[in-house]
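Beneath this line is the structure, given in structure tokens, with notes to follow.
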Amino acid sequence: MCGRYTLRTNPQRIAEQFELAELPLLTVRYNIAPSQSVGAIYATRNSSGSIVRRWAEFSWGLLPAWSESSTGGQRPINARSETAAEKPTFREAFRRRRCLIPADGFYEWRREGKEREPFYFTLRDEGLFAFAGLFEIWQAVPGQASPDDVASCTILTTEANGLLREFHDRMPVILEPQDYAAWLDPTVEDAARVQPLCRSLDAEKMQHWPVSQRVNGPKRDEPECIRPFRQPRLFD
DNA sequence: CCAGACGTTGTT
DNA sequence: GTCTGG
DNA sequence: CCAGACGTTGTT
DNA sequence: GTCTGG
């Protein structure tokens, strides 16, 4: 669930909405897939004590800090927001390494028997939004930074709203803009204070339409992925 | 005690 | 069928 | 999430 | 690293 998404908003708008000091370096994406590098915003406290937002790129699929190697093993692309604060794999990240993962749409597949039909979901105005994410820095040499370190992330999920319900029980957590600061604040280490921000976005704020099977191929990163598409019907 | 898992979704 | 890669 | 591979030895 | 299962 939530295994593909888009980010086609320009860097200026991303910098404005997420209050970044510098323009993020990115290209237009119509088909972002797990294992790929994804843009995200996280926050740190600088020497004078104020919160600074930073742009980062994380490999999508969280590599736990205790993994013995950077290859193999599980790389969860999603984490349940209701339980992530307790799970060994996500607990520390939930306490201290929360991030915003900017997006302007995501894909879900509707199953009908063996058939899978992809749909594209956006906000009603197709505007920019943010998934709630967690990140982790896996260190090749424990305790020190090295070129082989791996920065990775995962997208939190919650109960599906009425629109997503016909596809899945779950949907990605899309944060309200007024909650960005609290979610990012690394000094808030009490998970109970930020976990309530992980709610299902109102169905009324979203829209969706069917798209072609083109999006199935993870290498098909092109505008046609989001184009409205009606499946051919045998007896229309 | 040590060994082995540590995740999600959806489907059967 | 199941695992890996994108 | 879906697509594509799923293997070895030896040679380049 | 920490928790669960044997």
Side-chain angles (χ1 to χ4, degrees), chain A residues 1-7 27 29-39 57-97 101 103 105-122 131-144 149-150 152-161 164-174 189 191 198 200 208 210-222 224-226 229 231:
Chain A
M1 143 62 302
C2 195
R4 300 289 179 89
Y5 70 94
T6 65
L7 184 57
T27 58
R29 297 293 308 277
Y30 293 89
N31 193 359
I32 298 170
S35 82
Q36 297 177 352
S37 177
V38 304
E57 293 203 353
F58 298 131
S59 165
W60 185 12
L62 191 139
L63 180 67
W66 40 259
S67 296
E68 290 192 4
S69 86
S70 61
T71 59
Q74 298 290 3
R75 298 285 299 266
I77 63 170
N78 297 124
R80 294 178 67 93
S81 59
E82 300 91 334
T83 57
E86 286 84 44
K87 299 280 187 184
T89 299
F90 304 119
R91 190 175 57 193
E92 278 306 298
F94 203 106
R95 267 167 52 84
R96 295 139 49 82
R97 288 182 292 276
I101 299 174
F106 61 94
Y107 300 97
E108 295 289 352
W109 281 256
R110 181 162 69 192
R111 292 177 157 81
E112 294 177 31
K114 290 178 185 173
E115 302 298 310
R116 292 174 182 218
E117 185 184 10
F119 283 72
Y120 184 53
F121 291 77
T122 70
F131 294 126
L134 305 177
F135 68 97
E136 188 63 81
I137 311 293
W138 180 87
Q139 296 190 313
V141 182
Q144 77 179 58
D149 291 354
V150 177
S152 63
C153 67
T154 193
I155 293 174
L156 292 168
T157 66
T158 185
E159 189 180 358
N161 66 21
L164 271 296
R165 193 85 208 177
E166 84 178 87
F167 294 77
H168 293 304
D169 290 345
R170 311 286 300 170
M171 67 177 285
V173 172
I174 294 171
E189 297 191 359
C198 296
S200 309
H208 74 309
V211 295
S212 78
Q213 301 280 343
R214 191 184 309 262
V215 71
N216 289 11
K219 286 185 275 192
R220 305 297 291 275
D221 189 351
E222 51 208 19
E224 287 76 14
C225 288
I226 66 170
F229 178 80
Q231 300 287 347

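The model shown is predicted, which means the values in this text are computed figures rather than measured ones. Letters A, B, ... are given to chains in the order of the sequence lines, protein chains preceding strands, and every chain is numbered from 1.
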[X] side chain N/O closer than 4.0 Å to the phosphate oxygens (OP1, OP2) of [N]?
X: A:Arg220; N: D:dC2; answer: no
X: A:Arg116; N: D:dC2; answer: yes
X: A:Thr157; N: B:dT9; answer: yes
X: A:Ser35; N: C:dG5; answer: no
X: A:Asn216; N: D:dA3; answer: yes
X: A:Arg80; N: B:dT9; answer: yes
X: A:Thr83; N: B:dT8; answer: yes

In whole Å, I'd like the distance from the [atom1] atom of [X] to the [atom2] atom of [N].
X: A:Phe119; N: D:dC1; atom1: CZ; atom2: P; answer: 16 Å
X: A:Phe90; N: B:dC6; atom1: CZ; atom2: P; answer: 11 Å
X: A:Phe94; N: B:dC6; atom1: CZ; atom2: P; answer: 21 Å
X: A:Arg4; N: C:dG5; atom1: CZ; atom2: C1'; answer: 11 Å

Residue list, salt bridge (Lys or Arg N to Asp or Glu O under 4.0 Å) with A:Glu92, at least two apart or on another chain: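 Result, salt bridge (Lys or Arg N to Asp or Glu O under 4.0 Å) vs A:Glu92: A:Arg95, A:Arg96.
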A:Trp66 ring over B:dC6 six-membered base ring, under 5.5 Å and 30°: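 Here the ring of A:Trp66 and the base of B:dC6 are stacked, with centres under 5.5 Å and planes under 30°.
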Quick one: which of [options] gets closest to the side chain of [X]?
X: A:Met1; options: B:dT9, E:dG1, C:dG6; answer: B:dT9
X: A:Lys219; options: B:dG10, D:dC1, C:dG6; answer: C:dG6
X: A:His168; options: D:dC1, E:dC3, B:dG10; answer: B:dG10
X: A:Thr89; options: B:dG7, D:dC1, B:dG10; answer: B:dG7

Test ring-ring contact (aromatic ring centres under 6.0 Å, His included) applied to A:Phe167 - qualifying residues, sequence neighbours left out: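 Partners of A:Phe167 by the ring-ring contact (aromatic ring centres under 6.0 Å, His included) criterion, ordered by chain and then number, come out as A:Phe119, A:Phe121, A:His208.
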Pair A:Ser200-A:Glu159, side-chain hydrogen bond (donor to acceptor under 3.5 Å, both in side chains): steps then yes or no: CA-CA 6 Å; A:Ser200 309; A:Glu159 189 180 358; 5.3 Å; no
Watson-Crick and G-U pairing of DNA chain B written in dot-bracket, each distance under 3.5 angstrom, with | for inter-strand partners: ||||||......
